[in-house]
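What follows is a single structure, written as structure tokens, with notes after it.
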Amino acid sequence: MEMLFNCKLSKFMGGGTLNSIACKCVFLLVAVLVLRALLLPSSPVFGGVEWSNIVYIRNKSPSFGFGVRQDKFLEVPQIVWGLNNQKIAFARACLTARMLNRTLLMPSLSASLFYKEIDLLQPISFDKVFQFDKFNALCSGFVQLGRYSDLLNRTQVLEMQKGSGRKWTVERDLDQLRQHSSVSFDDHEVIRIVGKNPFLWHDHWPVKDYAKVFECLLLIDEIAQEADRVVSRIRAVGSEVLGNTESMEVQHENDRSSFQPLPYVAVHMRIEIDWMIHCKKLEQRLSTNQICSSKKEIMERVGSIIGLKTPVVVYLAVADKLLKNSSVLEGWEEGFLPFEKKKLGVDGIYSKYPYLIQSAIDYEVCLRADIFVGNSFSTFSSLIVLERTQKMIRMGVNNMCGTDVRWPSYAYNIPGESNGPMRWVTNMSDSSLQAISYGTNHISC
């Protein structure tokens, strides 16, 4: 203050240039100190922002809208059940981590169905099925996967118990997530969720959020190439049987002509022993007769698809080991040429892998089919239709329920026009994944 007074006095008395420069410096320093005192509280933390010598450090606060934090993590239990239940569980874990503004530690999947195979809950790493780096690249800023090697292990893991039972409502679950996303829990590097399989957690996110996660899931090259081999074999066999080696010219959305190999129909044929037991109980509980379908009913409805040109190859995606008999190839109408893995000559491809990989290959084969027919109460079928719906949306299809639309899907368990299967697209505006997770007979078409 004495220096400031001298500067004023010097200025009043017409001091020299040197004194004038010195005074300007003093005034500048004082101005900075005054601004710092006015703008910064004495406490080091303000609204989750730490200040240290006027250096801005965002800390201890969720950064919603700024991307996913990569220094805080969420750990979830091993993911179990079928492939598509596991995909839903994985997406739900990702969206849970997103709500907590944390990176999801790469979870362990299950290579086997624990109630069907001896090697119970055989674990398999996520990156042995799906591409880790590609997932993070495609979902950047939305959700994030991390590795355990990313951990600093400087703080104790906080365990978060997921509730269960009738008393644990959607509202209570949401309150728990909101509580754990608060600043008070940010001292913990890792929050570990303990409890039931993520597939059974309460759902708080719209279909479009799940769809975004699913779009980022790409199979590793080895599995994708196996699916390529199966699809190539289906088309080649079709050409051989039909005696037609010429490709058919099709028109794409960009109005340029290209060549499409011989088309095929993929049918997810749910007639296995375990499914028939499950669907009968479900029909009784829901008081409906539109869940179970016999082999005969499936064949009749596929054969009644309006506008389907024959002869046509039909690939049957079916769990061979769980069938009562091997008669799925018998009884089809003339012009329908059914093939399953063994008749197609690709059973050797599938036999090299555990259940999860086999299912992933079949999923890709059905996804790429020109026409897909499935069961609306099957998670496998439902996720395929979701992806095919997304594909039509990207292509700019306006009337997805039209008769001449590209990539159509059908539900054989629901009767449609002329006793054929009902046209099926996913309602992308649904507020939750309930219809896809547990099935429905209210399909958009």
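If you're wondering where the values come from, they're calculated on a predicted model, not measured in any experiment.
The aromatic rings of Phe126 and Phe90 lie parallel to each other, their planes meeting at an angle below 30°, with 60° marking the opposite boundary.
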### Task
Kindly determine whether Cys445 and Cys401 satisfy disulfide bond (SG atoms under 2.5 Å apart), including the steps that lead there.
CA-CA 6 Å; Cys445 287; Cys401 294; 1.8 Å; yes
### Query
What do the steps show when you test Ile79 against Phe199 for side chain to side chain contact (heavy atoms under 4.5 Å, CB included), and what is the final call?
CA-CA 8 Å; Ile79 296 175; Phe199 175 73; over 6 Å; no
### Task
Show your working on side chain to side chain contact (heavy atoms under 4.5 Å, CB included) between Leu356 and Val129 and close with a plain yes or no.
CA-CA 9 Å; Leu356 188 72; Val129 183; 3.8 Å; yes
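A salt bridge between Asp221 and Lys134 is absent, with no side-chain N of the basic residue lying under 4.0 Å from a carboxylate O of the acidic one. With respect to the salt-bridge test (charged N to carboxylate O, under 4.0 angstrom), the residues Arg147 and Asp127 qualify. Using a 4.0 Å cut-off between charged nitrogen and carboxylate oxygen, Glu272 and Arg270 count as a salt-bridge pair.
Atom-to-atom distance recorded for Glu75:CD and Ser108:OG is 11.0 Å, nearest 0.5 angstrom. Remark: Met269 CE to Ser378 OG distance equals 14.0 Å, nearest 0.5 Å. Going from atom OG1 of Thr389 over to atom CD1 of Ile384 covers 11.5 Å, rounded to the nearest 0.5 Å. Taking CG of Leu282 as the reference point, atom OG of Ser287 lies at 10.5 Å (rounded to 0.5 Å). Considering CG of Asn375 and OG of Ser381, their distance stands at 6.0 Å, rounded to 0.5 Å. In this structure, Glu189 CD and Gln156 CD are separated by 12.5 Å, a value rounded to the nearest 0.5 Å.
Side-chain contact between Ile298 and Val373 is absent, with no heavy-atom pair separated by less than 4.5 Å.
Here the closest heavy-atom approach between residue Val213 and residue Cys139 is recorded as CA-SG, 4.2 Å. Minimum interatomic distance between His202 and Arg92 (heavy atoms only, all atoms of both residues): O-CD, 4.0 Å. Taking each heavy atom of Pro338 and Lys343 in turn, the nearest pair found is O-NZ, 3.3 Å. Residues Lys162 and Leu177 approach most closely at NZ-CD2, 4.0 Å, considering heavy atoms.
Checked against salt bridge (Lys or Arg N to Asp or Glu O under 4.0 Å), Lys352 has the following partners two or more places apart in sequence or in another chain: Glu226.
Between Phe380 and Tyr363, a ring centre-to-centre spacing shorter than 6.0 Å is recorded.
A donor-acceptor distance shorter than 3.5 angstrom exists from the side chain of Arg69 to the backbone of Asn101, with no hydrogens or angles considered.
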